[in-house]
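Heavy atoms only: backbone and side chains are in, while hydrogens, waters and symmetry mates are out.
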Amino acid sequence: MHVSPDILQAFTPMGVLRASINLGNPILAHRNAQTGEVGGVSVDLARAFGEQLGVGVELVVFDAAGKSVEAVATQQADIGFFAIDPLRGQSIRFTAPYVLIEGAYLVRAASPLQANEEVDQPGRRVTVGKGSAYDLFLSRELRQATIERAATSPAVVDSFVATQADVAAGVKQQLQADAQRIAGLRLLPGRFMVIQQAMGTPTSRGEAAAAALHGFLEERKQSGFIAEALKRHGIEGASVAPAQSRS
């Protein structure tokens, strides 16, 4: 892919590609407990895009989706990795999705809830990660239940337990891991949403930059790069999104 000077300037106004990384989504990014090094599918993609541009990559790391989104929206980062959402689309231009992730509900083993459709009832309290895709989606979709927000997505289940809420909502894999960590919890069958994970850049960077980012990501989907990254990082339950042309 030829990179024009205008495209290079659009992505690297500070001379380096600043990539916003959200550690709140364990499917896409994580920090090694021993070394402190940040890795994951989103990190691999950021470095690959920097290599294609011919520039260094600076990882701007956050513990929650909302903070990661804000960094790109306010141009403190040049690219980021987010769930597609209309609200975020006001300040960020998204590519087509590259990974599909399931959102699920978790309850106590003794809970009367047996299906996702039973969650939205008066008096029910649902804990989500503040600013996460689940927060944005459920804030639009739930009409009767009350949403309570944990500081980050990884903190959702601990907050759910501590506050004695009725339901925890989040990435299915994170909830499954928490259910194994804490006795007496179970997931409701199925999913309440499918999260479309995409790359994004500030809208101010222009249509040509957004198209270049889209093209890069589509090539990485089709080449098998993303599927290999998911496998390399031991990620299960997430799938590579179908290839798409830019609308």
Side-chain angles (χ1 to χ4, degrees), residues 1-25 27-29 38-101 131-133 136 195-230 240-247:
M1 171 184 168
H2 171 71
V3 180
S4 70
D6 288 345
I7 293 296
L8 183 60
Q9 176 61 29
F11 281 114
T12 61
M14 304 301 291
V16 65
L17 181 68
R18 299 168 298 171
S20 181
I21 303 296
N22 171 30
L23 295 180
N25 186 337
I27 287 180
L28 299 181
V38 175
V41 178
S42 58
V43 175
D44 292 348
L45 282 168
R47 289 174 173 155
F49 189 52
E51 182 178 348
Q52 182 164 292
L53 295 176
V55 299
V57 175
E58 176 186 329
L59 301 181
V60 189
V61 182
F62 299 95
D63 61 359
K67 298 175 185 177
S68 183
V69 169
E70 182 180 7
V72 176
T74 59
Q75 302 194 60
Q76 301 305 303
D78 307 304
I79 62 170
F81 301 82
F82 321 108
I84 296 173
D85 185 89
L87 184 61
R88 295 172 176 175
Q90 295 175 8
S91 54
I92 295 173
R93 289 295 303 273
F94 291 105
T95 64
Y98 65 96
V99 165
L100 305 178
I101 302 171
S132 67
L136 299 176
I195 300 95
Q196 296 182 314
Q197 290 286 340
M199 291 181 71
T201 193
T203 55
S204 60
R205 303 300 170 87
E207 174 59 31
L213 190 62
H214 172 88
F216 159 77
L217 198 57
E218 288 303 305
E219 188 279 326
R220 295 294 158 157
K221 283 196 288 187
Q222 296 176 33
S223 70
F225 179 95
I226 296 173
E228 292 169 4
L230 289 170
V240 179
Q244 295 186 28
S245 60
R246 186 152 184 91
S247 58

Asker: Does the side chain of V43 reach to within under 4.5 Å of the side chain of V38, using non-hydrogen atoms?
Answerer: yes
Asker: Decide yes or no for T95 and F216: does some side-chain heavy atom of the first lie under 4.5 Å from some side-chain heavy atom of the second?
Answerer: no
Asker: Let me see the working for N25 and F81 under side-chain contact (heavy atoms from CB on, under 4.5 Å), right down to the final yes or no.
Answerer: CA-CA 10 Å; N25 186 337; F81 301 82; over 6 Å; no
Asker: Using 0.5 Å steps for rounding, measure from the CG atom of L23 to the CG atom of L28.
Answerer: 10.5 Å
Asker: Decide side-chain contact (heavy atoms from CB on, under 4.5 Å) for E58 and L17; before the verdict, give the C-alpha distance in whole Å, the side-chain angles of both, and the deciding distance to 0.1 Å.
Answerer: CA-CA 6 Å; E58 176 186 329; L17 181 68; over 6 Å; no
Asker: When rounded to the nearest 0.5 angstrom, what distance separates CD in E219 from CD1 in I226?
Answerer: 9.5 Å
Asker: Would you say R18's side chain and T12's backbone share a donor-acceptor pair under 3.5 angstrom?
Answerer: no
Asker: What closest approach, in Å, do L59 and A46 show between heavy atoms, and which atom pair accounts for it?
Answerer: CD2-CB, 4.5 Å
Asker: Which heavy atom of G131 sits nearest a heavy atom of R88, and at what distance?
Answerer: O-NH2, 2.8 Å
Asker: For a side-chain contact (heavy atoms from CB on, under 4.5 Å) check, start with the C-alpha distance between Y98 and V240, then their side-chain angles and the critical distance, and finish with the verdict.
Answerer: CA-CA 6 Å; Y98 65 96; V240 179; 5.9 Å; no
Asker: Is it the case that more than 12 heavy atoms not belonging to E51 sit under 6.0 Å from its CD atom?
Answerer: no
Asker: Check the pair V60 / I21 against side-chain contact (heavy atoms from CB on, under 4.5 Å), numbers first and verdict last.
Answerer: CA-CA 6 Å; V60 189; I21 303 296; over 6 Å; no
Asker: Any side-chain heavy-atom pair from Q76 and E70 closer than 4.5 angstrom?
Answerer: no
Asker: Parallel, tilted or perpendicular for F11 and F49, by the 30°/60° rule?
Answerer: perpendicular
Asker: Return the minimal non-hydrogen interatomic distance between A198 and A96, and the atom names on each side.
Answerer: CB-O, 3.8 Å
Asker: Which pair of non-hydrogen atoms, one from Q244 and one from P97, has the smallest distance, and what is that distance?
Answerer: NE2-CD, 3.7 Å
Asker: Can you confirm whether Q75 sits close enough to P202 that some side-chain heavy atom of one is under 4.5 Å from a side-chain heavy atom of the other?
Answerer: yes
Asker: Might you point out which heavy atoms bring A209 and I7 nearest each other, and give the distance in Å?
Answerer: N-CD1, 3.7 Å
Asker: So K67 and N22, do their side chains get closer than 4.5 Å, heavy atoms only?
Answerer: no
Asker: Do we see a donor-acceptor contact under 3.5 Å between the side chains of S68 and S20?
Answerer: yes
Asker: Measure the shortest side-chain to side-chain distance between I92 and T201 over non-hydrogen atoms and say whether it is less than 4.5 angstrom.
Answerer: no
Asker: Are any of the side-chain heavy atoms of F62 and V69 separated by less than 4.5 Å?
Answerer: no
Asker: Search all heavy atoms of V41 against all heavy atoms of L230 and return the closest pair with its distance.
Answerer: CG2-CD2, 3.7 Å
Asker: Would you please test K221 and E218 for salt bridge (Lys or Arg N to Asp or Glu O under 4.0 Å) and show each step?
Answerer: CA-CA 5 Å; K221 283 196 288 187; E218 288 303 305; 2.7 Å; yes
Asker: Quick one: CD on Q197 to CG on L45, what's the gap to the nearest 0.5 Å?
Answerer: 11.0 Å
Asker: Is the closest side-chain heavy-atom distance between R220 and Q52 below 4.5 Å?
Answerer: yes
Asker: Main chain of F94, side chain of H214: is a donor-acceptor contact present, judged purely on distance under 3.5 Å?
Answerer: no
Asker: Atom CG in D6, atom CZ in R205: separation rounded to 0.5 Å?
Answerer: 13.5 Å
